[in-house]
**Q** 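This structure is in structure tokens; I'll ask about it shortly.
All ligand and atom numbering here is 1-based and tracks the order in the structure.
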Amino acid sequence: MVAALFLALALATASCSGTEPADDGSIPSVPIGLAPGDPLAGAQLYRSVCASCHGTDLAGVEGLGRELVPSSFIATMSEDDLVLFIIEGRSLDHPDNITGVAMLPRVGNPSLSDQDIANVVAYIKAQQ
Ligand code: HEC
């Protein structure tokens with residue numbers, strides 16, 4: 001009984017001392033430990049999550065999202081930096097914004113995991 005109590009206390013302490021994810025508005029950093037992006041999984045996600053704004057052919061959709069092919073931005077950024085870019089989004093007042101439309105952090109879809117984003121990035125990189 002006493003041992004069980006100690007165990008419960010130890011578990012409670014351990015779960016409190018872990019590093020919490022930064023979902024408090026602090027500046028995100030490039031996620032560590034992601035597997036290399038899988039472009040095939042990324043292509044599927046692209047069609048379901050990104051194509052509505054960027055087009056199934058990545059040519060952009062007027063008033064929603066700009067073209068992703070060709071994109072010197074994508075061509076010159078590393079995959080890690082692109083993952084971070086999609087996690088952060090691009091605000092209206094960002095100097096690179098040319099359309100007057102914002103891309104929300106994590107494209108407004110909190111269910112997209114960092115690994116999902118890495119997969120989509122592998123896909124859009126491969127299209128350049
Ligand atoms: C609700 C619409 C919307 C969705 C969904 C969306 N985007 Fe965007 N995206 C935008 C807008 C708006 C911009 C910024 C346009 C500008 O800079 O003028 C943008 C910009 C970008 C850029 C920068 C392009 C460049 O050349 O500067 C990339 C890369 C990008 N999006 C990738 C993605 C990916 C990958 C997804 C899916 C995971 C996605 N976007 C989903 C609207 C969207």
**Q** Which bit of His94 is near ligand 1, meaning a heavy atom under 4.0 Å away: side chain, backbone, both or neither?
**A**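 It is neither; nothing of His94 touches ligand 1.
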**Q** Side chain, backbone, both or neither: which applies to Ile117 and ligand 1 if a contact is any heavy-atom pair less than 4.0 Å apart?
**A** neither
**Q** Determine whether the side chains of Ser78 and Asp80 contain a donor N or O and an acceptor N or O closer than 3.5 Å.
**A**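 The answer is no; no qualifying pair exists.
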**Q** Would you say Glu67 and ligand 1 have an N/O pair spaced under 3.5 Å apart?
**A** no
**Q** Could you identify the single nearest non-hydrogen protein atom to atom 13 (C) of ligand 1 and state the distance to 0.1 Å?
**A**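 Ranked first by proximity to atom 13 (C) of ligand 1 is Met103 CB, 3.8 Å.
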**Q** Within the 4.0 Å heavy-atom shell around Ala102, which atoms of ligand 1 are there?
**A** 12 (C)
**Q** In terms of atom number and element, which parts of ligand 1 are under 4.0 angstrom from non-hydrogen atoms of Ile74?
**A**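 Ligand 1 atoms under the 4.0 Å threshold to Ile74: 29 (C).
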**Q** Look only at interatomic distance and state if Ile98 has a nitrogen or oxygen under 3.5 Å from any nitrogen or oxygen of ligand 1.
**A** yes
**Q** Does some side-chain heavy atom of Leu64 sit less than 4.5 Å from a side-chain heavy atom of His54?
**A** no
**Q** If only atom types and distance count, is the side chain of Gln128 paired as donor or acceptor with the main-chain N or O of Ile124 below 3.5 Å?
**A**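 Here the side-chain-to-backbone pair exists.
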**Q** Restricting to non-hydrogen atoms, name the atom on Pro110 and the atom on Gly108 that form the minimum distance, rounded to 0.1 Å.
**A**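 Where Pro110 meets Gly108 most closely, the heavy atoms are CD-O, 3.5 Å.
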**Q** Atom CG in Leu82, atom CD1 in Ile87: separation rounded to 0.5 Å?
**A**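 CD1 of Ile87 is found 11.0 Å from CG of Leu82.
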**Q** Using the six-membered ring wherever Trp is involved, compare the ring planes of Tyr46 and Tyr123 and label them parallel, tilted or perpendicular (cut-offs 30° and 60°).
**A**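 Tilted: the ring planes of Tyr46 and Tyr123 meet at 30° to 60°.
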**Q** Which residue and atom name correspond to the protein heavy atom nearest atom 40 (N) of ligand 1, and how close is it?
**A**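 Result for atom 40 (N) of ligand 1: His54 NE2, 2.8 Å.
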**Q** Checking Asp96 against Arg90 for the side chain to side chain contact (heavy atoms under 4.5 Å, CB included) test, could you report, in this order, the C-alpha distance in whole Å, the side-chain angles of both residues, the deciding distance, and whether it holds?
**A** CA-CA 8 Å; Asp96 288 346; Arg90 181 181 287 160; 3.7 Å; yes
**Q** Checking Arg106 against Ile117 for the side chain to side chain contact (heavy atoms under 4.5 Å, CB included) test, could you report, in this order, the C-alpha distance in whole Å, the side-chain angles of both residues, the deciding distance, and whether it holds?
**A** CA-CA 8 Å; Arg106 218 172 273 268; Ile117 294 175; 3.8 Å; yes
**Q** Who's the nearest protein heavy-atom neighbour of atom 17 (O) of ligand 1, and how far?
**A** Arg90 NH1, 2.7 Å
**Q** If you measure from atom 3 (C) of ligand 1 to every heavy atom of Cys53, Cys50, Gly89, Ser91, which option wins on shortest distance?
**A**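 Looking at heavy atoms only, Cys53 sits closest to atom 3 (C) of ligand 1.
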**Q** Quick one: pull up SG in Cys50 and CG in Leu58 and give me the separation to the nearest 0.5 Å.
**A** 8.5 Å
**Q** Which one holds for Thr99 and ligand 1: side chain close, backbone close, both close, or neither close, with close meaning a heavy atom under 4.0 Å?
**A**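 Near ligand 1, Thr99 shows its backbone as well as its side chain.
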**Q** Nearest protein heavy-atom contact for atom 41 (C) of ligand 1: which residue, which atom, what distance?
**A**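 Its nearest protein heavy-atom neighbour is Val107 CG1, 3.3 Å.
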**Q** Please identify which atoms of ligand 1 are closer than 4.0 Å to at least one heavy atom of Asp96.
**A**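 The list of qualifying atoms is 17 (O).
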**Q** Indicate yes or no: does an N/O atom of Ser52 lie under 3.5 Å from an N/O atom of ligand 1?
**A** no
**Q** Please report the C-alpha distance between Val107 and Ile86 in whole Å, then the side-chain angles of each, then the deciding distance to 0.1 Å, and finally whether the side chain to side chain contact (heavy atoms under 4.5 Å, CB included) criterion is met.
**A** CA-CA 7 Å; Val107 307; Ile86 292 170; 4.1 Å; yes
**Q** Under 4.5 Å between any side-chain heavy atoms of Leu112 and Asn109, yes or no?
**A** yes
**Q** For atom 35 (C) of ligand 1, what's the nearest protein heavy atom and its distance?
**A**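 Ranked first by proximity to atom 35 (C) of ligand 1 is Val120 CG1, 3.3 Å.
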**Q** Determine the sole option in Thr99, Val101, Asn97 for which the side chain to side chain contact (heavy atoms under 4.5 Å, CB included) test with Arg66 is passed.
**A**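 Running side chain to side chain contact (heavy atoms under 4.5 Å, CB included) over Thr99, Val101, Asn97 with Arg66 returns exactly one hit, Thr99.
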**Q** What protein heavy atom sits nearest atom 26 (O) of ligand 1, and how far off is it?
**A**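 Here the closest protein heavy atom is Ser71 OG, 2.9 Å.
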**Q** So, for Val83 and Ala118, which heavy atoms are closest and what is the spacing to 0.1 Å?
**A**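 Smallest interatomic distance, heavy atoms only, reads CG2-CA, 3.8 Å.
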**Q** Please state which protein non-hydrogen atom is closest to atom 22 (C) of ligand 1 and give its distance, to 0.1 Å?
**A** Phe85 CE2, 3.3 Å
**Q** So is Tyr46 polar-close to ligand 1, meaning N/O to N/O under 3.5 Å?
**A**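 Min N/O separation from ligand 1 is not below 3.5 Å for Tyr46.
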**Q** Numbering the atoms of ligand 1 from 1, which are under 4.0 Å from a heavy atom of Leu64?
**A** 10 (C), 11 (C), 12 (C), 42 (C)
**Q** Go through ligand 1 atom by atom and flag the ones less than 4.0 Å from a non-hydrogen atom of Ile86.
**A** 35 (C)
**Q** Looking at atom 5 (C) of ligand 1, what's its closest protein heavy atom, distance included?
**A** Val49 O, 3.3 Å
